Structures are given as C-alpha cells and as structure tokens.
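Written below as structure tokens is the structure these notes are about.
What you see is a predicted model; the values in this text were computed from it and never measured. Note on naming: letters A, B, ... go to the chains in the order of the sequence lines (proteins, then strands), and numbering restarts at 1 for each one.
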Protein chains: 2
Amino acid sequence: MTLVLTLQPDDPTPPYEQLRRQLADLITAGLLGPGDRLPPLRQLAGDLGVAVGTVARAYRELEQEGLLTSRRGGGTRVAAGGQVPAGGRRQLLGGMAAEFVARARSLGFTDEEIIVALGRQLPLS
Amino acid sequence: MTLVLTLQPDDPTPPYEQLRRQLADLITAGLLGPGDRLPPLRQLAGDLGVAVGTVARAYRELEQEGLLTSRRGGGTRVAAGGQVPAGGRRQLLGGMAAEFVARARSLGFTDEEIIVALGRQLPLS
DNA sequence: ATCCTTGTGTCAACCATTAGACACAAACTA
DNA sequence: TAGTTTGTGTCTAATGGTTGACACAAGGAT
C-alpha cells in the first residue's frame, strides 16, 4: 500500500485542509515514519486533480508544524522525530475515541446504545 | 438545555456548513423533534457572531433536504416526519461508529487498540 | 386594523481559496 | 558538467463565502 490520499469535492472543507489533516493523521499514527518520502508536488497535484499551489500549501503548513521537512530538489519527507515524540500514536486514537463518544452523547445516545453500535463494527469480546 | 450550537473560527470549514451539520445531526438524532422551533435568523446570527445570510443559508439547505420548514413571520421549525422516517436515529449512530472504526483502522490501529481506547471513554461491560 | 416578528431577496464590498502559468533556486542524476 | 527533478515564489483570473445594510412579504400578536 503506497499512499491513500483522497479529496471529496462535495465537501466544502478546502482541499488543502482535507489533505493536511490526512497527512497529519498518517504521520501521527506512525503509518508514515521519519524519513519517509512524500509524493512530489506536481505528481500529487496531478493525481488529486488540484493545482500545485494547493498541495504546496498543505505541505508548507505541515512543515511549520514540524511534521515535514522540504528541500528543493530533494523532495518532502517526514521530519525526524521531534514533534511526534512518543505516545503520539496513543494520544491520537484516544482523542478520536473521546471525540466520537462525546459527540454521540451530545446527540442524546446512551452509553448502551453506543456500545451496541460499536459491537456491530468490532469484536467487543 | 435549550440549544448548543457553536462555531469554531479556526476551522476552515465554512460556518454555514458547520451549522448545517450540527442541526442535521440534532434532528436526525431526535433531540430536535418535528414541530420544534429553531432560533430566529437574527437571534442565532447575533449569538454566533455571524451575518444573517450565513444562518439563512444553513436553514435554507436543511429545508431543501426536507429537515426544516420555514415560513415568514412563523419562524423555522423541524419538518414533520418525512425525511427522518424511522431508524434514522439508529442509522446515524451506526454511521458514526462505522466511520470512527474505519478511520482508526485505516491509520493502522488494531481492533484491540481501538477497544482499549474506547474502554477509557465508556463502560465496556 | 396595526404593529412586531421573521423569513426572503438583493446589493456592493471584502477576503480566502483555487487554478494555471511562469520563473527561479537548490538538490539529485547520469 | 549538464540536464532533470523538485520545492518555492509570483502573478492574474475566477470562484465562493461572508459581511452589513436595506427593502419586502407574510405570519403572529395586541
């Protein structure tokens, strides 16, 4: 599996932001490790059907966050450690779980309902 | 609890879309039932700190989806049944759960990791 | 009937995002 | 070294969202 990056044209969220989030998650989750190379701007832009500047912006913002490092001619790679020290992986999943549960509860679902729904997706022992 | 509608200014997602999603979820979840009245355009716009047209767009799109009905002078209310027939509530939660699990898996998390993370948020048995 | 409330429509202006093209600099490659 | 790759920067044009203001129409309240 090389890379799964997609854009949803019907989503009003700006493409550069959709891309930024996906890459940030992939890096934080560890699916993309330090030193791993990302697709060149023009290639990814062509694949996704967007302008070069759009991909460049996603890369640039991630670089400012310390997740990526870019060099002319050298391409763009995942930054060495630093920003994603340790437990970043666990924290990411924990945040996702907390967000999901909080949203469900705020919509009036009971814990039991939530557990039942989850039981349809994974083996809750 | 009257209504909890918030906007995140730092989120590039357009405000009208943030609002639209929150209202759609509240209605589908049944927290807002048929006939329930929504805040007047000007009041909600004032509370959220956005222009009237922004709230109007969210209301308009939800009306086109059949979730709301608006009448001049009469306000905007949740549409009577129709679009949210039955099981809409269960389907909403099911979709949320499926989405969460799929996203976690695509980030390389194992089912066991996911279950552990969820266990910190709710009483899994 | 009169007044208030509320949704609807229009308008001009501003800002953000994107597209598409081009040039340039630095790193890699043969 | 020479040529290619790749990120960076600039520019124009187009699109879309937001603001703020205003007017208007229709339902509700007194």
Check nucleotides 1-3 of chain D against the protein and report each pair of N or O atoms closer than 3.5 Å, with its distance, or say if there are none.
none

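In this structure, A/Glu17 pairs ionically with A/Arg20, as a charged nitrogen and a carboxylate oxygen lie closer than 4.0 Å. A salt bridge links B/Glu113 to A/Arg89: at least one charged side-chain nitrogen sits closer than 4.0 Å to a carboxylate oxygen. Of the charged side-chain nitrogens involved, none lies within less than 4.0 Å of a carboxylate oxygen, so that A/Glu99 and A/Arg103 do not count as a salt-bridged pair. Salt-bridge annotation for A/Arg21 and A/Asp11: absent, with no side-chain N of the basic residue lying under 4.0 Å from a carboxylate O of the acidic one.
We find that CZ of A/Arg57 is positioned 12 Å from P of C/dA19, with the value rounded to whole Å. Distance A/Leu68 CG to D/dT8 P: 10 Å, rounded to the nearest Å. Atom pair B/Leu62:CG and C/dG7:P shows a separation of 13 Å (rounding to whole Å applied). Separating the CD atom of A/Glu61 from the P atom of D/dT8 is a distance of 13 Å, rounded to the nearest angstrom. Note: CD (B/Glu17) to C1' (D/dT18) measures 15 Å, nearest angstrom. Straight-line distance from the CZ atom of A/Arg37 to the C1' atom of D/dT6: 8 Å, rounded to whole Å. If you measure from atom CZ of B/Arg71 to atom P of C/dG9, you get 16 Å, rounded to the nearest angstrom. Between the CG atom of B/Leu44 and the P atom of D/dT18 there is a distance of 13 Å, rounded to whole Å.
In this model, a side-chain donor or acceptor of A/Arg42 finds a partner on the base of D/dG7 within 3.5 Å.
Nucleic acid contact for B/Pro12: none, since no nucleic acid atom lies under 4.0 Å from a heavy atom of the residue. Among the protein residues, B/Glu63 comes within range of the sugar-phosphate backbone only, with heavy atoms under 4.0 Å from sugar or phosphate atoms but none that close to a base. Within the nucleic acid shown, B/Arg77 has no heavy atom closer than 4.0 Å to any nucleic acid atom. Using a 4.0 Å heavy-atom criterion, one finds that A/Arg60 contacts no nucleic acid atom at all.
Interatomic distance, A/Leu38 CG to A/Leu32 CG, rounded to the nearest 0.5 Å: 6.0 Å. B/Leu122 contributes atom CG, which lies 7.0 Å from atom CG of A/Leu118 (distance to the nearest 0.5 angstrom). Atoms CG and OG1, on A/Leu23 and A/Thr76 in that order, are 10.0 Å from each other to the nearest 0.5 Å. One distance of note links CZ of B/Arg60 with CG of B/Leu41; it measures 10.5 Å at 0.5 Å rounding.
The side chain of B/Pro40 approaches C/dT6 more closely than any other nucleotide in the set C/dT6, C/dA19, D/dT6. Checking D/dT8, D/dT19, C/dT18 against the side-chain heavy atoms of A/Val52 singles out D/dT8 as nearest. In this structure, of D/dT18, C/dT18, C/dT6, it is C/dT18 that holds the atom nearest to the side chain of A/Tyr16. Side-chain atoms of B/Thr76 lie closest to C/dG7 of the nucleotides D/dG17, D/dT8, C/dG7. In this structure, of C/dA19, C/dT18, D/dA26, it is C/dT18 that holds the atom nearest to the side chain of A/Pro15.
In this structure, B/Thr13 and A/Gln43 both approach DNA chain D, and ranking their closest nucleotides by distance from the 5' end singles out A/Gln43. Take the nearest nucleotide of DNA chain C for B/Leu41 and for A/Thr54: the residue whose nucleotide is more 5' is B/Leu41. Comparing B/Gly74 and B/Gly49 by the nucleotide of DNA chain D whose heavy atom lies nearest to each, the residue mapping closer to the 5' end is B/Gly49.
Considering only heavy atoms from C-beta on, A/Thr6 comes within 4.5 Å of A/Gln22 through its side chain.
Note on the helix from C/dA1-D/dT30 to C/dA30-D/dT1: terminal axis deviation equals 30°, with five pairs used at each end and the result rounded to 10°.
Taking A/Gln91 as the reference, nothing meets the side-chain contact (heavy atoms from CB on, under 4.5 Å) condition, with sequence neighbours excluded.
Enclosure of atom CD in A/Glu63 by more than 12 non-hydrogen atoms of other residues, nucleotides or ligands within 6.0 angstrom is indicated.
Taking side-chain N and O atoms only, A/Arg72 has no distance below 4.0 Å to OP1 or OP2 of C/dC24.
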